[in-house]
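Report on one structure; see the data block that follows.
Atoms within each ligand, like the ligands themselves, are counted from 1 in listed order. Reckoned from all heavy atoms, side chains included, excluding hydrogens, waters and symmetry mates.
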Amino acid sequence: MLNIVIFGAPGSGKGTQSDILIENYGLYHISTGDVLRDNIRRGTALGATAKGYMDAGRLIPDELMIDILADVLDANRDAAAKGVIFDGFPRTIAQAEALERMLAERGTAVTTVIGLEVEEQELIERILNRGRLTGRSDDTLETARKRLEVYHNQTSPLRDYYKERGLYHGIEGTGGIDAVAARIAEHIDAL
Ligand code: ATP
Ligand code: MG
């Protein structure tokens, strides 16, 4: 099984690269942001809770997020048999520890963590551009700044967490979608 965590700041290209990876490696894609946005669209109770946090640029509380992830994993056991791309999870140390436990219970583990590295100014430009194109409600300048702050405080410590475990692999996240995809493929094919 190939379990890949795709890691990076908001706007670093996690979703874009995940789409290419599912095509090429037949993996199951779990994007926690997409799961939450789908709940908002369907008007669920979870969606109502999540929207408040998301539009404020904050993280959904760990206990809730961890339960959601376990549910998604269980509901998609067969599809996930070849492996999973975790996109947007974990975002905190507590989530990383929970992921380790959840995968161990299912007889598997994280294979590699791909960190997409992109400069802050470019991240802001990409997020604002996506906001203009899609109308995504958390892709405004104010919320983007807050999301980046949250990323630096709560999520970026995971880099060291995974480095200590020998799992972190940083990738230059600029220079075009295909160029980034080629760098990722080179790493995965060498695993
Ligand atoms: P990218 O642009 O690289 O695809 P992103 O950071 O812009 O990623 P999403 O991953 O779609 O966006 O997440 C959007 C929002 O959903 C986050 O700002 C947060 O509020 C919430 N969220 C998503 N995943 C988690 C998580 N694992 N824990 C807590 N909150 C989460
Ligand atoms: Mg995304």
Side-chain angles (χ1 to χ4, degrees), residues 4-22 29-41 44 46-73 84-103 110 113-159 161-162 170-174 177 180-181 184:
I4 299 175
V5 172
I6 187 128
F7 180 84
S12 59
K14 299 186 292 286
T16 303
Q17 294 301 327
S18 295
D19 287 343
I20 297 173
L21 285 170
I22 51 174
H29 183 201
I30 300 179
S31 158
T32 44
D34 287 350
V35 169
L36 298 171
R37 280 184 290 276
D38 180 56
N39 274 274
I40 293 172
R41 259 191 306 275
T44 67
L46 168 61
T49 303
K51 187 164 173 55
Y53 290 103
M54 290 168 85
D55 285 349
R58 300 177 50 208
L59 297 182
I60 277 69
D62 282 336
E63 318 78 72
L64 179 57
M65 207 59 232
I66 290 164
D67 282 350
I68 296 168
L69 192 87
D71 288 347
V72 174
L73 269 180
V84 177
I85 300 174
F86 295 94
D87 161 7
F89 190 102
R91 263 180 158 88
T92 62
I93 300 279
Q95 291 182 14
E97 289 168 350
L99 181 62
E100 209 167 302
R101 278 196 305 275
M102 283 188 265
L103 292 179
V110 170
V113 176
I114 295 172
L116 296 174
E117 295 170 355
V118 178
E119 264 184 51
E120 186 118 347
Q121 186 51 40
E122 167 132 6
L123 293 171
I124 298 264
E125 280 166 23
R126 289 184 187 181
I127 291 170
L128 294 183
N129 196 39
R130 182 171 63 190
R132 279 190 291 270
L133 291 171
T134 66
R136 201 173 119 172
S137 63
D138 59 344
D139 281 343
T140 61
L141 183 58
E142 192 195 354
T143 307
R145 288 210 170 113
K146 180 65 190 172
R147 285 157 64 202
L148 284 168
E149 181 194 319
V150 166
Y151 171 77
H152 288 303
N153 293 335
Q154 295 180 256
T155 306
S156 69
L158 284 175
R159 253 204 315 259
Y161 177 92
Y162 282 121
I171 297 257
E172 166 72 58
T174 50
I177 292 170
V180 177
I184 295 176

Positive for side chain to side chain contact (heavy atoms under 4.5 Å, CB included) with Val5, one of Ile114, Val113, Asp87: Val113
Heavy atom under 4.0 Å from ligand 1: found in [X]'s side chain, backbone, both, or neither?
X      : result
Met65  : side chain
Arg136 : side chain
Leu36  : side chain
Ala9   : backbone

Neighbour count above 12 (heavy atom, 6.0 Å) for Leu141 CG: yes
Contact with ligand 1 for Gly8, non-hydrogen, under 4.0 angstrom: no
Report the distance from atom [atom1] of [X] to atom [atom2] of [Y], rounding to the nearest 0.5 Å.
X      : Y      : atom1 : atom2 : value
Ile127 : Arg145 : CD1   : CZ    : 11.0 Å
Thr32  : Ile66  : OG1   : CD1   : 11.5 Å
Ile60  : Thr92  : CD1   : OG1   : 11.5 Å
Ile30  : Ile85  : CD1   : CD1   : 10.0 Å
Gln95  : Tyr161 : CD    : OH    : 11.5 Å

Side-chain heavy atoms of Leu36 within contact of Tyr53, under 4.5 Å: no
Mark up the atoms of ligand 1 that fall under 4.0 Å of a heavy atom belonging to [X], in ascending order.
X     : result
Ser12 : 3 (O)
Thr32 : 23 (C), 24 (N), 25 (C), 27 (N)
Gly15 : 4 (O)
Gly88 : 24 (N), 25 (C), 26 (C), 27 (N)
Gln95 : 26 (C), 27 (N), 28 (N), 29 (C)
Gly11 : 1 (P), 2 (O), 3 (O), 7 (O)
Arg37 : 11 (O), 14 (C)

Protein heavy-atom partner closest to atom 5 (P) of ligand 1 - residue, atom, separation in Å: Arg147 NH2, 3.6 Å
Qualifying salt bridge (charged side-chain N to carboxylate O under 4.0 Å, His left out) pairs with a residue from residues 121-136, counting only residues at least two apart or across chains: Glu122-Arg126, Arg130-Asp139, Arg136-Asp138, Arg136-Asp139
All pairs passing salt bridge (charged side-chain N to carboxylate O under 4.0 Å, His left out) where residues 52-70 contributes a residue, at least two apart: Lys51-Asp55
Thr49 vs Asn39, side-chain contact (heavy atoms from CB on, under 4.5 Å): CA-CA, chis, key distance, verdict: CA-CA 10 Å; Thr49 303; Asn39 274 274; over 6 Å; no
Among [options], which residue places a heavy atom closest to [atom]?
atom                    : options                      : result
atom 29 (C) of ligand 1 : Thr155, Ile40, Ile60, Asp139 : Ile60
atom 19 (C) of ligand 1 : Arg58, Gln154, Arg130        : Arg58
atom 9 (P) of ligand 1  : Arg91, Lys146, Met54         : Arg91

Close N or O approach (Lys14, ligand 1; < 3.5 Å): yes
Ligand 1 N/O within reach of Asp138 N/O, cut-off under 3.5 Å: no
